[in-house]
Amino acid sequence: MSTPRTAEVVRNTNETQIRVAINLDGTGKQSLDTGVPFLDHMLDQIARHGLIDLDIQAKGDLHIDAHHTVEDVGITLGMAFAKAIGDKKGIRRYGHAYVPLDEALSRVVIDFSGRPGLEYHIPFTRSMIGAFDVDLTSEFFHGFVNHAQVTLHVDNLRGVNAHHQCETVFKAFGRALRMAVELDARAAGTIPSTKGSL
């Protein structure tokens, strides 16, 4: 591959300081330290199942709660994707995945459309997974979608265990990303849109 599809984004606010480095053509290597252990576990799913190298380091106002950190990691990761994917020439554009984990099953469908849009449907069976507030899952995806400029449909189709529900979503998200950003040899150099741009 002639041009590495990599990016590094640093985003500092009064609430969080975040650095994200990604390689879209990686092997799933990851270095994750957000201060939110469950978020690190979910980001690991994206890296491993998406075969995307991820280096994410974050410091946030966790003495308040994890809200700002989780949301801002989603924002910064979205910015990094937008930067790494560039003009989108030759990508498949669309990706989808179904992932089961025991009783849970989730589906994620993504379109690198250039337009932010999120359909999010996870009927969590409890409000906390350990110390992690499940409401923060939607904050992560909202942040990602708005800054990666993608259309994303997230559906947990069934599940009883909230950890399983969330993990299947993030695994499916990683696999859908992998499909969507993959370079299609038959479409080399072309934009997958009748508009000629995304």
Side-chain angles (χ1 to χ4, degrees), residues 6-24 28-50 52-85 106 108 110 112 114-156 159 161-174 176-177:
T6 61
E8 181 172 343
V9 175
V10 176
R11 184 176 187 271
N12 293 323
T13 72
N14 290 336
E15 297 167 339
T16 60
Q17 298 81 50
I18 298 171
R19 183 182 69 81
V20 171
I22 65 171
N23 178 0
L24 299 184
K29 293 186 301 183
Q30 46 76 29
S31 175
L32 306 165
D33 184 8
T34 66
V36 182
F38 187 75
L39 177 60
D40 290 348
H41 181 44
M42 294 301 102
L43 294 169
D44 188 13
Q45 307 307 320
I46 296 172
R48 291 176 190 270
H49 291 276
I52 296 163
D53 294 346
L54 282 183
D55 183 351
I56 302 179
Q57 310 298 316
K59 294 188 182 302
D61 52 2
L62 296 178
H63 60 285
I64 297 174
D65 66 12
H67 184 285
H68 298 141
T69 299
V70 175
E71 179 181 26
D72 289 4
V73 166
I75 288 170
T76 312
L77 182 61
M79 294 167 67
F81 262 86
K83 185 176 179 181
I85 206 163
S106 293
V108 173
I110 193 166
F112 275 81
R115 299 180 305 277
L118 177 63
E119 286 291 331
Y120 174 90
H121 306 281
I122 308 178
F124 279 112
T125 57
R126 63 179 190 267
S127 61
M128 301 293 290
I129 302 172
F132 186 83
D133 183 345
V134 298
D135 286 349
L136 300 184
T137 310
S138 67
E139 299 301 326
F140 172 87
F141 284 115
H142 272 105
F144 179 87
V145 161
N146 288 335
H147 291 81
Q149 296 283 296
V150 299
T151 302
L152 182 67
H153 288 248
V154 176
D155 293 282
N156 171 242
N161 182 308
H163 188 133
H164 293 174
Q165 289 176 286
C166 199
E167 188 165 329
T168 55
V169 163
F170 275 85
K171 285 177 174 176
F173 180 56
L177 283 170

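The figures that follow rest on heavy atoms only: side chains count, while hydrogens, waters and symmetry mates do not.
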Exercise for the section: Would you please test Val150 and Phe81 for side chain to side chain contact (heavy atoms under 4.5 Å, CB included) and show each step? Expected result: CA-CA 10 Å; Val150 299; Phe81 262 86; over 6 Å; no
Exercise for the section: May I have the step-by-step check of side chain to side chain contact (heavy atoms under 4.5 Å, CB included) for Leu54 and Leu77, ending in yes or no? Expected result: CA-CA 9 Å; Leu54 282 183; Leu77 182 61; 3.8 Å; yes
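Using a 4.5 Å cut-off on side-chain heavy atoms (C-beta onward), Asp44 and Phe170 make no contact. Counting heavy atoms from C-beta on, the side chains of Val169 and Ile122 come closer than 4.5 Å. Under the 4.5 Å side-chain criterion, counting only non-hydrogen atoms from C-beta, Glu71 is not in contact with Leu136. Contact check for Leu43 versus Gln30: no side-chain heavy atoms found under the 4.5 Å cut-off. Residues Ile129 and Val134 meet the side-chain proximity criterion, which asks for heavy atoms closer than 4.5 Å. Looking at Met42 and Glu167, their side chains come closer than 4.5 Å, going by heavy atoms from C-beta outward. His147 has its side chain out of reach of Arg11: every pair of non-hydrogen atoms, C-beta onward, lies at least 4.5 Å apart. Here the side chains of Val154 and Ser106 are not in contact, with every heavy-atom distance at 4.5 Å or above.
Ring pair Phe132/Phe38 is tilted by interplanar angle, where 30° to 60° counts as tilted. Using a 30° and 60° split on the angle between ring planes, Phe173 and Phe141 fall in the perpendicular class, above 60°.
Taking each heavy atom of Thr137 and Cys166 in turn, the nearest pair found is OG1-SG, 3.9 Å. The nearest pair of heavy atoms linking Glu15 to Gln17 is C-NE2, 4.4 Å. The shortest non-hydrogen separation linking Val20 to Ala80 is CG1-CB, 3.8 Å. Contact between Ala176 and Ile110 at its shortest, heavy atoms only, is O-CG2, 3.7 Å.
Between the side chains of Asn23 and Thr6, not a single donor N or O lies within less than 3.5 Å of an accepting N or O. Remark: the Ser31 side chain and the Gln57 side chain contain an N/O donor-acceptor pair separated by less than 3.5 Å.
Checked by atom type and distance alone, the side chain of Asp133 never pairs as donor or acceptor with a backbone atom of Met128 at under 3.5 Å. Checking side-chain atoms of Thr168 against main-chain N and O of Gln165 turns up a donor-acceptor pair under 3.5 Å. Judged purely by atom type and a 3.5 angstrom limit, His142 uses its side chain to pair as donor or acceptor with the backbone of Ser138. Of the possible polar contacts, one joining the Asp40 side chain to the Thr34 backbone as a donor-acceptor pair under 3.5 Å is found.
Interatomic distance, OG1 of Thr76 versus CD1 of Ile56, reported as 8.5 Å (0.5 Å rounding). For the atom pair Ile75 CD1 and Asn146 CG, the distance stands at 8.0 Å (nearest 0.5 Å). Distance check: Lys171 NZ to Arg48 CZ gives 10.5 Å after rounding to the nearest 0.5 Å. For the atom pair CZ of Phe112 and CG of Leu177, the computed distance is 5.5 Å after rounding to the nearest 0.5 Å. Atoms CG and CZ, from Asn161 and Arg126 in turn, are 5.5 Å apart once rounded to the nearest 0.5 Å. Note: Gln149 CD to Ile85 CD1 = 12.5 Å, rounded to the nearest 0.5 Å.
Each of Thr151, Val145, Leu152 was compared with Pro116 under the side-chain contact (heavy atoms from CB on, under 4.5 Å) criterion, and only Val145 meets it. Here the rule is side chain to side chain donor-acceptor pair (under 3.5 Å) with Thr16, and of Asp72, Asp61, Thr69 only Asp72 fits it.
Using a cutoff of 4.0 Å between basic side-chain nitrogens and carboxylate oxygens, Lys29 and Asp55 are not scored as salt-bridged.
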